[in-house]
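Report on one structure; see the data block that follows.
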Amino acid sequence: MRLTKKLSLFAAAAAITASTAVLAAPTFINVLTGGTSGVYYPIGVALSQLYSNGIEGSKTSVQATKASVENLNLLQAGRGELAFALGDSVADAWNGVEDAGFKAPLKKIRAIAGTYPNYIQIVANAESGIKTLEDLKGKRISVGAPKSGTELNARAIFEAAGLTYKDMGKVEFLPYAESVELIKNRQLDATLQSSGLGMAAIRDLASTMKISFVAIPADVTAKIDNAAYEAATIPAGTYDGQDADVPTVAITNILVTHEGVSDEVAYQMTKLMFDNLERLGTAHSAAKDIKLDTATKNLPIPLHPGAERFYKEAGAL
């Protein structure tokens with residue numbers, strides 16, 4: 001009888017210890033961003049800080065990546081909890097478009113929010129004489145890392161303009177900062193970058209040398225066979241020496257998670273972001289375009305149930 005009682009007490013103690021260990025286990029939140037000179041990274045750092053302070057037991061980290069395509073594949077593999085990605089890349093991931101970098105449909109990914117738009121920004125050394133898309137023929141240009149969201153944007157825009165990579169004198173597949181350094185060194189003539197307005201790499205280039213911005217006319221935008229692309233404008237004065245508005249294309253960025261993230265964590269990630277939009281705007285001005293009333297519009301993948309709960313509470317669904 002005593003032995004049975006002792007065993008029962010041991011079992012109860014073991015159960016309490018096990019449950020305490022489960023409760024004490026940290027919640028890992030790895031935020032997948034992009035290159036450190038882009039916009040994803042500083043906003044990702046700000047989100048990481050919000051989650052570290054606001055989600056009890058969380059252990060956060062920020063990972064610099066090649067952005068959209070890599071981020072979505074990492075999420076599918078469970079190697080991140082939150083990621084930034086371009087809307088067209090998210091749609092391609094869900095549908096398993098192999099040419100876009102997805103060998104199979106990524107059906108584990110879920111949306112947290114539509115955020116701010118990426119603007120296609122084509123800038124050139126003014127000395128190159130490049131002023132239009134047609135002027136890119138025979139010139140040296142960088143279009144982003146291979147099969148990155150930026151490079152997929154470049155393909156879509158060039159195709160709509162009747163251009164191919166073969167028309168260029170040289171095509172490099174490099175991240176933002178490296179592309180800018182090569183223009184500074186006169187080893188490239190231009191770069192196409194897909195990012196929020198006021199990005200650090202272009203600000204750096206504009207402060208170093210005289211640059212020209214290449215317009216993407218509305219008739220070219222209309223020929224892009226993807227609903228994620230919309231006509232937009234880079235307002236005059238966004239960068240040093242940019243005295244006029246520049247017609248271009250914009251694509252919405254989406255914050256993405258995966259189905260393995262708990263409903264409560266997804267809810268908290270969404271709520272903390274919208275409760276702290278002003279703070280995110282200080283991390284980068286592009287975040288000032290994140291709006292609750294547009295966060296659930298035209299998403300190409302399902303919302304995470306945790307995010308959905310927040311939007312219902314906020315009256316945004």
Side-chain angles (χ1 to χ4, degrees), residues 25-87 89-90 93 106 108-118 144-145 148-150 174-178 193-201 203-204 252-258 260-262 264-290 295 304 306-307:
T27 299
F28 292 98
I29 302 175
N30 186 27
V31 183
L32 306 169
T33 59
T36 55
S37 61
V39 176
Y40 287 171
Y41 191 81
I43 298 177
V45 170
L47 284 172
S48 169
Q49 292 168 346
L50 287 176
Y51 299 156
S52 179
N53 294 326
I55 300 177
E56 188 175 354
S58 64
K59 187 172 183 180
T60 64
S61 56
V62 180
Q63 184 175 340
T65 67
K66 295 177 183 177
S68 298
V69 177
E70 182 181 7
N71 288 353
L72 293 165
N73 281 314
L74 286 172
L75 279 183
Q76 178 74 12
R79 293 170 59 192
E81 285 66 47
L82 188 71
F84 292 82
L86 280 165
S89 294
V90 175
L106 306 190
K108 293 182 181 179
I109 60 175
R110 298 291 183 268
I112 289 290
T115 59
Y116 64 90
N118 255 26
S148 63
T150 295
L174 298 170
Y176 301 148
E178 292 177 39
Q193 307 205 354
S194 176
S195 183
L197 294 177
M199 67 169 302
R203 285 205 317 269
D204 176 34
T252 297
N253 284 291
I254 300 175
L255 272 174
V256 187
T257 186
H258 62 80
V261 172
S262 75
E264 181 60 24
V265 169
Y267 171 83
Q268 291 293 343
M269 289 197 300
T270 311
K271 179 175 170 54
L272 283 166
M273 179 175 72
F274 284 104
D275 284 351
N276 293 276
L277 289 180
E278 187 173 341
R279 180 172 170 181
L280 291 181
T282 63
H284 197 285
S285 59
K288 294 176 182 178
D289 285 331
I290 302 175
H304 191 290

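To the nearest 0.5 angstrom, F274 atom CZ is 9.5 Å from I112 atom CD1. Atom CD1 of I29 sits about 8.0 Å away from atom OG of S48, to the nearest 0.5 Å. The structure places CG of N118 at 7.0 Å from OG1 of T150, a figure rounded to the nearest 0.5 Å. Atom CD1 of residue I55 and atom CD of residue Q268 lie 6.0 Å apart, to the nearest 0.5 angstrom. Here the straight-line distance linking atom CG of L82 with atom CG of L75 works out to 7.5 Å at 0.5 Å rounding. The OG atom of S194 lies 4.5 Å from the CG atom of L86; values are rounded to the nearest 0.5 Å.
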Identify each donor-acceptor pair in which a side-chain atom of residues 31-38 lies under 3.5 Å from a protein atom, sequence neighbours left out, and give them as a table.
{"unit_1": "T33", "atom_1": "OG1", "unit_2": "Q63", "atom_2": "O", "d": "2.9"}
{"unit_1": "S37", "atom_1": "OG", "unit_2": "A177", "atom_2": "N", "d": "3.4"}

Donor-acceptor pairs are to be reported for all side-chain atoms of residues 275-283 against protein atoms at under 3.5 Å, with residues two or more places apart or in another chain.
{"unit_1": "D275", "atom_1": "OD2", "unit_2": "K271", "atom_2": "NZ", "d": "3.1"}
{"unit_1": "N276", "atom_1": "ND2", "unit_2": "L272", "atom_2": "O", "d": "2.7"}
{"unit_1": "T282", "atom_1": "OG1", "unit_2": "R279", "atom_2": "O", "d": "2.5"}

V265/T257 under side chain to side chain contact (heavy atoms under 4.5 Å, CB included): CA gap, chis, key distance, verdict
CA-CA 10 Å; V265 169; T257 186; over 6 Å; no

Between H304 and T270, is the side chain to side chain contact (heavy atoms under 4.5 Å, CB included) condition met? List the steps.
CA-CA 10 Å; H304 191 290; T270 311; over 6 Å; no

Start with the C-alpha gap between L50 and M273, add the side-chain angles, then the distance that decides, and say whether side chain to side chain contact (heavy atoms under 4.5 Å, CB included) holds.
CA-CA 8 Å; L50 287 176; M273 179 175 72; 5.6 Å; no

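Although no hydrogens or angles enter the test, the distance criterion places a donor-acceptor pair under 3.5 Å between the side chain of N73 and the main chain of V69. Side chain of Q76 to backbone of K108: a donor-acceptor contact under 3.5 angstrom is found. Side chain of S68 to main chain of S148: no donor-acceptor pair is present (N/O by atom type, distance under 3.5 Å, no hydrogens or angles). For the pair H258 (side chain) and G80 (backbone), a donor-acceptor distance under 3.5 Å is present.
Taking the side chain as every heavy atom from C-beta outward, V256 and L72 approach each other to under 4.5 Å. Contact check for V261 versus M269: side-chain heavy atoms found under the 4.5 Å cut-off. For the pair N30/R79, no side-chain contact is recorded, criterion being any heavy-atom separation below 4.5 Å from C-beta on.
The shortest heavy-atom contact between A111 and A307 is O-CB, 4.0 Å. Nearest approach of I254 to G87, heavy atoms of both residues: CD1-CA, 3.9 Å. The two residues I43 and A287 make their nearest non-hydrogen contact at CD1-CB, 3.8 Å.
Using a 3.5 Å distance cut-off with no hydrogens or angles, the side chains of N253 and T115 do not pair a donor with an acceptor.
Ring geometry for F84 versus Y40: interplanar angle under 30°, hence parallel rather than tilted (30 to 60°).
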